[in-house]
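Take this structure first; my questions come after.
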Amino acid sequence: MAVVLGIIFYGLVFVIQQALTMAAMEGSRAALQFQPTLTARVSAAEATARGALPPFISNRMASGDVAATSAPCTAPAGFQCVTVQLRFNLTGGATPFLPNIVFVPLPAQLQARATSQLGTD
């Protein structure tokens, strides 16, 4: 029973982690598309990341679980970095996705992050 539950639970963990990673990458790519302002690029990145998630994940995420931010890059000078970060409560939080089972240790939260550098032009 433990082996079967482990296969099912870890399979779900890998599927969710891959979906979070792909959504973060899509959001980061959206920041590279032309927008008139940096704020518009950050908003587009966040909206694209949220839209790239499958419904069984996005319906269980709070508004602050998908965030896009901008900050000056450390190198090269003058560039802006847009970072898209996603969090998903797997076994923790108010509404866990999977139950805690003693013999199947799972992380409380899964995270994904992607960053794009924006040039000066």
Q | In one Ile/Leu/Val/Met/Phe/Trp/Tyr side-chain cluster, 4.5 Å: M25, L32 | A | no
Q | Considering all heavy atoms, the nearest E46-A67 contact | A | OE1-CA, 4.0 Å
Q) Can you tell me how far CD of Q117 sits from OG1 of T83, rounded to the nearest 0.5 angstrom? A) 10.0 Å
Q.
Tell me which one of T21, I57, L20 satisfies side-chain contact (heavy atoms from CB on, under 4.5 Å) with L86.
A. L20
Show which side-chain atoms of residues 107-114 pair as donor or acceptor with protein atoms under 3.5 Å away, not counting sequence neighbours.
unit_1, atom_1, unit_2, atom_2, d
Q109, OE1, Q111, NE2, 3.0
Q109, NE2, N89, OD1, 3.2

Q) Which heavy-atom pair separates A31 from L118 by the least distance, and what is that distance? A) O-CD2, 3.5 Å
Q | Closest non-hydrogen atom pair between L53 and A19, with its separation | A | CD2-O, 3.9 Å
Q. What residues form a salt bridge (Lys or Arg N to Asp or Glu O under 4.0 Å) with R87, not counting sequence neighbours?
A. D65
Q.
Quick check: closest heavy atoms across A24 and V84, and the distance to 0.1 Å?
A. O-CB, 4.0 Å
Q | Nearest heavy atoms of A68 and V42, plus distance in Å | A | O-CG1, 3.2 Å
Q: Using the side chain to side chain contact (heavy atoms under 4.5 Å, CB included) rule, take F97 and I16 through it: C-alpha gap first, then chi angles, then the decisive distance, then the call.
A: CA-CA 11 Å; F97 185 72; I16 294 168; 3.5 Å; yes
Show me, pair by pair, the donor-acceptor contacts under 3.5 angstrom made by side chains of residues 1-10, not counting sequence neighbours?
unit_1, atom_1, unit_2, atom_2, d
Y10, OH, P105, O, 2.4

Q | S28 backbone acceptor or donor facing S116 side chain under 3.5 Å | A | yes
Q) Do you know which two heavy atoms are closest between R50 and A62, and how far apart they sit? A) NH2-O, 3.3 Å
